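Read the structure below first, then the notes.
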Protein chains: 2
Amino acid sequence: MAESPPTIYDVASEAGVSIATVSRVLNGYSQTRAATRDRVLAAVRELGFVPNGAARGLSRGSKRILGLVFAHTPADDDLLAEEEGSLLFTDSIVRGAEESAERHGYSLLLSGAGGEHGDHAASVNALTGKTDGLILLDRVLPERRLSAIGKRFPIVLLAGSGRCRSAVTVRVDNEGGMRAVAEHLVAVHALRRMAFVSGFADSPDSASRGAALCLAVTELGGELRPADHLTADWTSSGAARVVQQRLASGGEVPEAIVCANDQMAVGVIHVLAANGLHVPDDVAVVGFDDVPLARHLSPPLTTVRQPTRQLGVVAVESLVALLEGIAPTRRDIVLPTELIVRGSCGCVADGDARGSAGSAAAAVVGSR
Amino acid sequence: MAESPPTIYDVASEAGVSIATVSRVLNGYSQTRAATRDRVLAAVRELGFVPNGAARGLSRGSKRILGLVFAHTPADDDLLAEEEGSLLFTDSIVRGAEESAERHGYSLLLSGAGGEHGDHAASVNALTGKTDGLILLDRVLPERRLSAIGKRFPIVLLAGSGRCRSAVTVRVDNEGGMRAVAEHLVAVHALRRMAFVSGFADSPDSASRGAALCLAVTELGGELRPADHLTADWTSSGAARVVQQRLASGGEVPEAIVCANDQMAVGVIHVLAANGLHVPDDVAVVGFDDVPLARHLSPPLTTVRQPTRQLGVVAVESLVALLEGIAPTRRDIVLPTELIVRGSCGCVADGDARGSAGSAAAAVVGSR
DNA sequence: TTGTATGCGTTATCAG
DNA sequence: CTGATAACGCATACAA
């Protein structure tokens with residue numbers, strides 16, 4: 001049905017020149033006489049010619065395609081688990097990466113690493129053939145696999161632990177962000193007994209946030225008992241569930257609950273309310289990410305902003321640099337985070353729905 | 001630095017066979033003696049061989065890559081406009097599409113259609129060379145451009161108006177969903193004066209939702225004045241802004257405000273509260289999408305659920321069918337929506353944070 | 001400035 | 001069952 005698309009040969013004969021000339025005017029490295037160039041361009045338009053990417057890639061040895069691999073959230077049996085907590089986070093990264101890739105003349109290939117069932121390693125390996133380089137998100141592959149592939153193929157790690165030596169890593173300053181949270185809670189609100197709600201147990205991001213919070217809280221004279229280190233799954237429902245269990249188990253209610261992302265904070269606020277606990281009067285709640293909705297919740301969410309989109313941008317730029325043979329200045333790139341103080345920690349929120357005005361509605365505390 | 005990857009020739013000589021044999025065992029169409037097959041496989045593993053996608057695509061005339069093109073939200077000057085309202089929606093589609101593509105043996109190429117500045121048409125045209133088929137989201141191209149490309153290249157439209165004849169369209173039943181909303185508001189809550197908050201003015205989805213609501217409300221004896229048809233931009237802030245203006249302009253406050261998506265509903269609830277109006281006692285608010293957070297808001301959001309992920313899945317399947325030469329049964333595929341009744345319309349919410357149990361916590365009303 | 005010829009890595013069509 | 005070999009569409013070194 002669909003007749004095969006025009007090739008460079010069609011254009012050449014249409015314009016009465018050789019394919020070499022067509023190629024030249026299209027890629028414009030060499031000089032071409034204006035007249036012939038116009039003829040070629042006319043023919044291109046006439047035929048609606050678009051260079052075949054496969055042929056081009058084969059010929060010049062570069063497909064101009066970058067791969068971005070993320071780990072599928074285990075949707076499991078739970079059909080409602082569309083509620084993917086990592087969703088906002090991942091997708092913001094994707095946006096940034098796509099935009100940056102395009103700007104550098106590349107396209108972005110997306111992969112969920114073979115779904116949940118499939119062999120992640122095999123899936124990533126296959127992508128190796130379709131792309132020029134790969135960006136791997138948190139949790140897609142164990143470190144040893146990583147270095148195995150990283151030695152033979154350009155790779156950038158995103159939001160990893162930063163401990164992998166065989167590849168460039170881009171991540172955010174979880175430690176600084178959590179320290180800022182701890183300081184604020186202890187110094188400003190005089191809170192002592194904290195709890196932490198984590199994402200997936202195997203997430204480096206979640207782990208480093210929990211560890212940093214615990215360390216800072218302890219140093220500042222607060223307390224974060226192991227029993228109050230709650231393990232959830234990045235989702236509102238998951239967080240609500242573990243907090244519900246924690247409340248049901250009796251024992252003193254923590255004075256503050258810090259969550260590894262904003263979705264979970266919403267779930268926590270919700271379940272606290274269901275138990276007659278008011279935020280922030282009875283319990284302070286803090287999130288992480290600063291998703292757009294955060295400022296519109298009631299109370300507006302105090303949270304740690306991380307430059308999610310920028311994460312994607314920087315990852316792509318690092319990868320492109322790698323591909324162009326530029327030796328990476330640093331193998332561990334850390335992007336800053338900042339504490340955004342709103343109402344859920346007990347501060348008086350004065351911000352309204354407007355956020356574009358000159359001065360931000362919320363206080364900002366740098367993490368570094 | 002990176003030595004060029006092994007080719008099929010390397011594998012062949014390593015295994016002591018011809019490249020034809022290697023190709024055969026790798027693609028497994030023809031029979032091969034077990035012994036030689038093992039030798040080849042061993043060589044493949046040994047060398048870490050991965051077929052070059054470009055060469056493969058060139059040879060077999062199919063790149064096994066599908067493109068998904070979305071319109072970049074005009075981030076404009078406003079740096080905070082990361083607040084992309086369409087984000088959740090688009091990204092859920094992307095997930096579904098990616099998963100489905102992978103299942104069918106394809107990869108997914110993502111494109112924001114040249115950023116906001118670039119020529120969308122040119123951008124889409126270029127993608128034509130890197131992919132086997134394209135899925136175009138709402139707003140990326142005007143209809144005439146669409147049909148121009150659609151005639152020469154496999155295309156599926158997503159969330160369009162459904163009026164394009166030159167391509168298969170996949171969309172949701174906006175009309176049914178909005179009718180259900182109107183009926184519920186009028187019949188159950190005896191509300192009459194409604195308002196509608198739209199997304200971008202040029203979005204078919206938003207337009208059809210507004211039109212359907214208006215029609216249904218009027219038919220049911222309610223009222224939706226032109227002045228109460230508020231045009232926003234899919235974002236919380238945008239919605240908050242237009243509603244604030246509407247309130248400031250005086251005049252009777254609508255009894256219900258229906259929004260074209262959930263993000264905007266959140267912004268509306270927020271700004272209403274800022275004006276001393278309580279939801280749902282003073283004003284009922286309804287959203288659209290049923291994002292995961294919706295049930296955890298206070299009050300839990302009454303909204304229209306649409307199968308976002310499924311949208312991506314179906315689009316991919318339609319496209320793959322097209323590529324395999326299967327004539328599309330229908331050129332306009334409409335996925336069902338359903339009204340999810342929670343608290344923000346005035347109903348008593350009894351659902352808690354759990355949502356996976358046998359019976360849903362919220363009432364469900366089919367749209368058809 | 002332009003044309004000719006070769007290579008890129010696979011698949012697929014032939015013979016053997 | 002296996003091995004040569006011809007496409008596939010484009011870029012490019014080399015000639016003219």
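Remember, it's a predicted structure, so these values are computed and weren't measured experimentally. First the proteins, then the strands, lettered A, B, ... as listed; each starts at 1.
Interface remark: the A/R60 side chain does not form any donor-acceptor pair with the C/dG7 base, using a distance-only criterion of under 3.5 Å.
Checking C/dT10, D/dA4, C/dT4 against the side-chain heavy atoms of B/A20 singles out D/dA4 as nearest. Distances were taken from every side-chain heavy atom of A/S18 (C-beta onward) to each of D/dA4, C/dT4, C/dT10; the shortest belongs to C/dT4. In this structure, the nucleotide among C/dT1, D/dG3, D/dG9 sitting nearest to the side chain of A/Q31 is C/dT1.
Under the 4.0 Å criterion applied to side-chain N and carboxylate O atoms, A/D205 and A/R171 are not assigned as salt-bridge partners. A salt bridge links A/E99 with A/R309: at least one charged nitrogen is closer than 4.0 Å to a carboxylate oxygen.
Residue A/R24 places none of its side-chain N or O atoms closer than 4.0 Å to OP1 or OP2 of C/dT1. The phosphate of C/dT11 (OP1 or OP2) has no side-chain N or O of B/S59 nearer than 4.0 angstrom. OP1 or OP2 of D/dT2 lies within a sub-4.0 Å distance of a side-chain N or O belonging to B/R33. Contact check, A/N27 against D/dA11: a side-chain N or O comes under 4.0 Å of OP1 or OP2. Proximity of A/T36 to the phosphate of C/dT1: no side-chain N or O atom is located under 4.0 Å from OP1 or OP2. Side-chain nitrogen and oxygen atoms of B/T21 include at least one within less than 4.0 Å of the OP1 or OP2 phosphate oxygen of D/dG3.
Within 6.0 Å of atom CZ in B/R103, more than 12 heavy atoms from other residues, nucleotides or ligands are found, so the atom counts as buried in its surroundings.
The distance from atom CZ of B/R39 to atom P of D/dC1 is 15 Å, rounded to the nearest whole Å. Rounded to an integer number of Å, the gap from CG of B/L58 to P of D/dC8 is 9 Å. Distance B/K63 NZ to C/dG9 P: 19 Å, rounded to the nearest Å. Note: CZ (A/R56) to C1' (D/dT12) measures 14 Å, nearest angstrom. Between the NZ atom of A/K130 and the C1' atom of C/dG9 there is a distance of 16 Å, rounded to whole Å. Rounded to an integer number of Å, the gap from A/L26 CG to D/dA11 C1' is 12 Å. Following rounding to the nearest Å, A/N52 (CG) and D/dA7 (C1') show an atom-to-atom distance of 13 Å. Counting to the nearest Å, the P atom of C/dG9 and the CG atom of B/L47 are 14 Å from each other.
A side-chain N or O of A/S62 and one of A/R64 form a donor-acceptor pair less than 3.5 Å apart.
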Apply side chain to side chain contact (heavy atoms under 4.5 Å, CB included) to the pair B/S318 and B/I333, showing each step before the final yes or no. CA-CA 9 Å; B/S318 303; B/I333 302 173; 3.6 Å; yes
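Counting non-hydrogen atoms under 4.0 angstrom, A/V22 reaches nothing in the nucleic acid. Residue A/S23 is in base contact, counting any heavy-atom pair closer than 4.0 Å across all strands shown.
Using modelled atom types, no side-chain atom of B/R37 and backbone atom of B/T32 make a donor-acceptor pair closer than 3.5 Å.
Each of B/A55 and B/G16 was matched to the nucleotide of DNA chain D holding its nearest heavy atom; the match closer to the 5' end belongs to B/G16. Closest-nucleotide positions on DNA chain C for A/T32 and A/I19 were compared, and the one nearer the 5' end corresponds to A/T32.
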